[in-house]
Amino acid sequence: MADVHPLQVVNLSKQFPRKKRLGSVQAVANISFNVRQGEIVGFIGHNGAGKTTTIKCILGLLKLTNGRISLWDDVPAHPNVRKRIGYIPENPDYDDSFHPMEYLRMFASMRGLADVNSEWMKLLKRVGLTGWETTRIRQFSKGMRQRMSLALALQSNPDLLIMDEPTGGLDPIARKEFREIILEENKRGASVFLSSHILSDVETICDRAVILSGGKLMAEGSMTDLLGEEHLYRITVISRKTGEEVEETIPEADLQSRIDSIRKDNLPIVKVEMALKSLEDVFMAATGGEKQ
Amino acid sequence: MKRVCIPISTLILIPVTLTLLLFTGCQTDYDITDVAPADFLDSEEHAPHDCDIDHDHSDGECEEESPEELPLDDHVEDSHAGHDHAPGTRNHGTQWFFNQPWAAPFIWKKLFRDGGIFLALAVAVFFISGRRRKK
Amino acid sequence: MKAVFTFSLMTLRMLFRRRTLWGILLVILLALAGIASVPSFDVSNQGRFILDFGLFGIEVGALLLALGLAATLFPRDRETRTLMPLIAVPLARWQYLLGRFMGAALVQAAALLVTCLGLMLILLFHRLPIPGDLLPATLLIIIEGWFLLSTVFFFSFFTSPPLNWPLTTMLFIVSQMSVAEFVGIMPSAPGLMRTIRMILPHADVFHIKDPIAHGFEIEPVYFLIAIFYGLCYSAFMLSLALAVFRGRDLK
């Protein structure tokens with residue numbers, strides 16, 4: 001029997017209708033991927049690539065034009081599925097006349113959880129909102145609203161965390177704290193689907209990545225596959241013509257022969273170092289460096 | 001095989017159209033003229049007259065039309081007499097059926113029937129739209 | 001249903017914290033005080049005048065409250081993206097709609113009861129008797145208010161608040177017209193007009209201001225049937241609103 005994945009997206013397409021005679025906009029075109037149990041999957045792409053549209057389709061906020069989405073083999077927005085999901089929207093906002101404690105209590109009641117004050121205090125402490133429990137949300141900064149959003153998402157100990165740009169606009173310390181919480185949740189057993197612009201975050205914590213561009217799937221695979229197992233080396237030499245330093249990246253297998261050939265040409269070698277391929281290189285290569 | 005999708009508007013239009021047919025199939029509506037006893041309509045004092053909406057309720061030219069009037073509180077008894085209006089027009093809101101004993105059960109039946117129809121429609125629309133969303 | 005009750009409580013708290021409610025309530029109470037200050041020829045006429053126009057004022061108040069409380073609820077939730085975390089995780093769409101409706105309906109009912117109390121105080125101030133049916137009459141206006149609220153919700157899912165106001169007000173006016181009056185708008189197509197009018201709500205069944213002002217005895221069964229009709233029509237409007245909402249993409 002095939003594994004039941006927390007999230008499975010098969011041939012998903014989403015078109016948005018426009019005014020008559022203008023046709024429709026293809027936001028996402030025929031993409032397929034999945035999130036396996038206990039995995040952290042990064043979902044990366046430039047602005048307008050279709051990341052948020054895909055997430056909204058997964059959550060049942062948008063109707064699919066084509067394809068199929070299943071969460072633990074069930075349809076999106078099914079009550080049984082919804083109970084197991086924690087969601088952090090992009091730029092979260094809440095009714096600003098309430099305070100975090102009120103929100104946590106009401107969400108707990110709506111989710112059918114026991115209202116345990118001490119638990120919510122602990123949760124707010126965990127996301128860094130200690131001392132702000134009874135402050136109206138209207139006084140919160142963007143970062144604090146994001147922390148509150150994280151608290152609401154973690155409240156039910158979800159089996160799948162769906163995060164849409166959770167660290168966008170956060171300072172480096174807050175980003176680190178967010179990353180640590182994501183890793184803790186993953187350790188607890190939760191699968192994570194993380195959409196982000198910040199490639200270094202994805203590279204640091206994700207097991208796999210899905211790269212989207214112009215609504216199309218450009219690459220998908222484990223970090224090891226994407227970044228490549230082959231070691232590359234960077235050789236810096238001084239050019240005879242210009243007198244400036246010139247860098248050259250070559251595979252490990254060709255390293256010795258290349259050094260021999262440089263020596264033969266009597267070119268001074270400044271340094272030889274290991275060249276690490278970054279997710280940014282993979283992303284730029286996959287998307288052709290294009291900004292649509 | 002390609003699945004045939006019926007637009008939601010069509011699915012809602014079906015029960016609405018059925019209701020329209022049901023309504024028009026009924027011989028009577030909310031107008032008093034459709035069900036008023038002949039003697040009521042024929043009687044001279046119930047014919048349309050010039051008495052206006054008369055929201056100030058002053059006792060004016062309609063006073064002399066005062067027919068067999070009704071049980072009233074002390075403070076309004078005198079001033080109310082003679083406030084029957086043209087059948088079929090409800091210048092005073094629901095007043096017309098409160099002062100016509102035969103009209104009250106008529107309107108109750110109508111309200112009850114319509115309430116039932118709208119409730120059935122509400123349930124139908126709720127389930128139809130829910131089924132479509134699940135798909 | 002627990003989720004719906006919690007969400008309606010959340011809506012109730014939110015609406016009580018908004019200035020709109022208090023502003024509209026103040027306007028209605030001031031209008032009632034204004035009606036009471038109009039001089040009349042004699043005491044009996046003044047009592048009737050205050051009751052008649054007072055109940056009319058409360059009824060218009062029900063319309064204003066429905067529009068003021070509900071017209072911006074969904075558009076605001078969408079604009080501020082408060083809707084997303086709610087609909088995505090703890091609530092289904094019908095629970096969202098019912099929760100918002102119930103919260104707004106409770107606030108509206110409380111506000112209308114306050115205006116009824118205001119009318120009673122005005123009658124007492126003028127040393128006029130308070131009719132026993134004044135409270136049931138206000139109850140009928142509350143039911144009419146809920147019908148208007150469900151109409152406002154229906155329009156709010158596909159129009160903007162500036163368009164919602166005239167559309168709901170137009171339906172409010174039409175729902176007061178008799179079949180004969182409605183046919184009079186387009187006498188060339190009486191059959192069509194009669195049919196349309198029969199589908200449209202008969203909100204005049206909620207107006208018993210005249211019978212009350214005139215001291216008629218109103219049988220309790222009338223209240224029950226009118227309430228039944230009002231609740232069923234509101235349920236119908238809410239189901240239409242839900243059908244529109246369910247068909248919408250939440251971008």
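Chain letters run A, B, ... following the sequence lines, proteins first, then strands; residues in each count from 1.
Contacts of A/E102 with chain C are made by side-chain atoms alone, with heavy-atom separations under 4.5 Å and no backbone atom involved. Heavy atoms of A/F98 lying under 4.5 Å from chain C belong to its backbone as well as its side chain.
Side-chain atoms of C/Q95 and A/M110, non-hydrogen and from C-beta on, never get closer than 4.5 Å to each other. Considering only heavy atoms from C-beta on, A/Y94 comes within 4.5 Å of C/P85 through its side chain. Residues A/L61 and C/M84 have side chains in contact (heavy-atom distance under 4.5 Å, counting atoms from C-beta outward).
Taken from OH in A/Y87 to CG in C/L86, the straight-line distance is 11.5 Å, to the nearest 0.5 Å. Annotation: the span from C/R13 atom CZ to A/S97 atom OG amounts to 10.0 Å, rounded to 0.5 Å.
Other residues, nucleotides and ligands place more than 12 heavy atoms under 6.0 Å from the CZ atom of C/F158. Remark: C/Y96 OH is packed, more than 12 non-hydrogen atoms of other residues, nucleotides or ligands lying under 6.0 Å away. More than 12 heavy atoms of other shown residues, nucleotides or ligands fall within 6.0 angstrom of atom CH2 in C/W94. Within a 6.0 Å radius of CE in C/M193, other residues, nucleotides and ligands contribute more than 12 heavy atoms.
Of the possible polar contacts, none joining the A/K63 side chain to the C/D249 backbone as a donor-acceptor pair under 3.5 Å is found.
Between C/R93 and A/G60, the closest heavy-atom pair is NH2-O, 3.4 Å.
Close approach to chain C, defined as a heavy atom under 4.5 Å from one of its heavy atoms, is seen in no residue of residues 141-159 of chain A. Contacts from residues 65-81 of chain C to chain A, taken as heavy-atom pairs separated by less than 4.5 Å, involve C/T80, C/R81 in sequence order.
Ion pairing between a basic and an acidic side chain is recognised when a charged N comes within 4.0 Å of a carboxylate O; A/D95 and C/R17 show no such pairing.
When each of C/T6, C/L9, C/I87 is checked for heavy-atom pairs under 4.5 Å with chain A, C/T6 comes out on top.
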